[in-house]
Amino acid sequence: MASLPTFASRWLIPRLPGFEKAHPGIGINLTARINPFDLAHERFDVAIHFGRDNWPDAQLTKFCDEEMIAVASPQFIETNGVEGPAGLLEAPLLHLQSRPGAWGDWMHEAGLGEVPALPGKQFDQFTMVIAGAAAGLGAGLVPAYLIEEELRSGVLAQVGDTALKTQNSYFIVRPLGVDNPSADAFVTWILAQV
């Protein structure tokens, strides 16, 4: 199986013991991949894809939309006097390099109107944005499902209640025309997890 690295480490792997318990005879080998590839050539039964339903020569099943929320450490919120979305206009922000307009879109969704480019630190992985927010470097804009544990434990707190639904989704990708009961069981299981 192939998956995006952050999605695999933060969402999928913590749930895999449940799959193994329900399907003890099915082994999972997990490899990180970022871009689409030829499933048949690389011999993967299942892949997790983020984006649009545009993977050629494959069967795609949408299983999750992406909703991003603004989060920061409680100490950061207190130190910077952040009392809602407007409080982030002057606060240090953490940006994902592949989503340059995300903060502006979130601010607009939060009712703050059109906001010019916002300065801040740039990271190339959500894992680093999450770590930076937890360390108090700034507020991060991340998918809620990647920070379930941090929200539950109080390491991170949501700023406001705005959730930005992006144009992209997560898809389960399978090779066309391949009958694979083990992959079928995994797909059924992962759809039930969402």
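Note that the structure is predicted; figures quoted are calculated from it, not measured.
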Is a side-chain donor or acceptor of His95 paired with a backbone partner of Val129 at a separation under 3.5 angstrom?
-> no
Note: Ala163 and Glu109 closest approach over all heavy atoms is O-CG, 4.2 Å
Salt-bridge contact Lys165-Asp65 (side-chain N to carboxylate O under 4.0 Å) = yes
Full working for side-chain contact (heavy atoms from CB on, under 4.5 Å) between Phe50 and Glu66 = CA-CA 9 Å; Phe50 174 75; Glu66 180 182 63; 3.3 Å; yes
Can you check whether Arg52's main-chain N or O pairs, donor with acceptor, with His49's side chain at less than 3.5 Å?
-> yes
Glu42 atom CD, over 12 foreign heavy atoms within 6.0 Å = yes
Kindly say whether Glu20 contributes a backbone atom to a donor-acceptor pair with the side chain of Trp189 at under 3.5 angstrom?
-> no
Which atom pair, heavy atoms only, marks the closest approach of Val173 to Ala58?
-> CG1-CB, 3.5 Å
Asp184 with Arg174: basic N within carboxylate O range, under 4.0 Å | yes
Which atoms form the tightest heavy-atom contact between Leu30 and Ser3, and what is the distance?
-> CD1-CB, 4.0 Å
Measure across Val159 and Pro85 and return the closest heavy-atom pair with its distance rounded to 0.1 Å.
-> CG1-N, 4.2 Å
Check: Met1 and Phe186 side chains under 4.5 Å, non-hydrogen atoms | yes
Would you name the heavy atoms of Val155 and Ala134 that are closest together and state the gap between them?
-> CG1-CB, 3.8 Å
When rounded to the nearest 0.5 angstrom, what distance separates CZ in Phe76 from CG in Leu156?
-> 11.5 Å
